[in-house]
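Heads up: the structure comes next, in structure tokens.
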Amino acid sequence: MKTVAGNWKMYKTIEQATEFFSQMSGMAAPRTDKVNVLIFPNYVAMGAVAVSGVVPDWIHLGAQDVAAEAEGAFTGEVSPQMIQSAGATHVLIGHSERRHIMGESADLLHRKLSNALQAGLIPVLCVGETLDERDAGRMQEVIFGQLDTGLAGVALQNGAQLTVAYEPVWAIGTGVNAANEQIEDAHRLIRDHLSQLLGNPVGSSIPILYGGSVKPANFAAIVGLPSVDGGLIGGASLKPDAFAELIAIAEQV
Ligand code: 13P
């Protein structure tokens, strides 16, 4: 089973999101035993499309962020329960834009992840090194550090409770995807580390997605790699045609 997940970032109004899902509803549903489809819209669009019922039942929804607390006086924050009230099942934690642009700390990300897990949301923990870190030979150290802090003290019953996304920062939105060997190398390290941190069979069954300049032209090669359980896609997930192509590619693996 491969996952095709679209991270819309700060794009799409309610109207534009509705148009996207209407177009997806018009296409034949993919084989859900082959491909798991997820979209991470902004909160506003997610709430609206959830209520209007325009989302086909084979597309699952996720939020791009979540509060570190369950409820309370936290202006601007959105709780796991609110996200679940829109029918969403997943939440991104530690996307590189939140780590590097918003400056979210390792401790905050750990609290967000724990809060999501406690509510029964599936965190998609994003990890990845910058180009400077890779060039300095620190890729493994950075990724392990992000996994260690994000998952500190976490115990899972099964691998379906968590997803990890490897998104090298230098590949995000640059048009330069990581080479297949680089992806395999990083995913193998992540897999070994998850098994160490969470034990097996949990660690060995957590899906690991690749993200960073995925598009229809390169996805078949990437999603076909043995260590890759799917893609987390930014730019190419915004257009229904390109997204439908990505789904069809994953379905054929
Ligand atoms: P792009 O696919 O636009 O490179 O974005 C990747 C990403 O950040 C997905 O979370």
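Below, each value reflects all heavy atoms present in this structure, side chains not excepted, and no hydrogens, waters or symmetry copies. Order of listing sets the numbers, starting from 1, for every ligand and every atom in it.
Scanning both residues, Asn200 and Ser195, for their nearest heavy atoms gives OD1-OG, 3.0 Å.
If you check the side chains of Gln64 and Trp8, you find no donor sitting under 3.5 Å from an acceptor. A donor atom on one side chain and an acceptor atom on the other are not found under 3.5 Å apart for His95 and Asp65. A donor-acceptor contact under 3.5 angstrom links the side chains of Glu129 and Tyr166, judged on distance only. Side-chain N/O atoms of Ser22 and Glu19 include no donor and acceptor closer than 3.5 Å. Side-chain contact check for Glu71 and Ser79: no donor-acceptor pair (N or O, by modelled atom type) lies under 3.5 Å.
Here's the thing with Leu232: none of its N/O atoms is less than 3.5 angstrom from an N/O atom of ligand 1. An N or O contact shorter than 3.5 Å is missing between Ile233 and ligand 1 by distance. When only interatomic distances are considered, the shortest N/O to N/O separation between Gly235 and ligand 1 falls below 3.5 Å. Polar contact check, Glu97 against ligand 1: no nitrogen or oxygen pair lies under 3.5 Å apart.
Shown in contact with Ala171 at under 4.0 Å from a heavy atom are these atoms of ligand 1, numbered in order with element: 4 (O). Of all the atoms in ligand 1, the ones that sit under 4.0 Å from a non-hydrogen atom of Glu167 are 6 (C), 7 (C), 8 (O), 9 (C), 10 (O). Residue contact check: Lys9 has heavy atoms under 4.0 Å from atoms 5 (O), 6 (C), 7 (C), 8 (O) of ligand 1. Each of the following atoms of ligand 1 lies closer than 4.0 Å to a heavy atom of Ser213: 1 (P), 2 (O), 4 (O).
At distances below 3.5 Å, not a single donor-acceptor pair connects side-chain atoms of Gln118 with backbone N or O atoms of Asn115.
Counting heavy atoms under 4.0 Å from ligand 1, residue Ile172 touches it through both backbone and side chain.
Remark: Glu104 engages Arg98 in a salt bridge, criterion side-chain N to carboxylate O under 4.0 Å.
Distances from ligand 1 to the non-hydrogen atoms of Gly211 include no value under 4.0 Å.
If you check which protein heavy atom lies closest to atom 2 (O) of ligand 1, you get Gly234 N, 2.9 Å.
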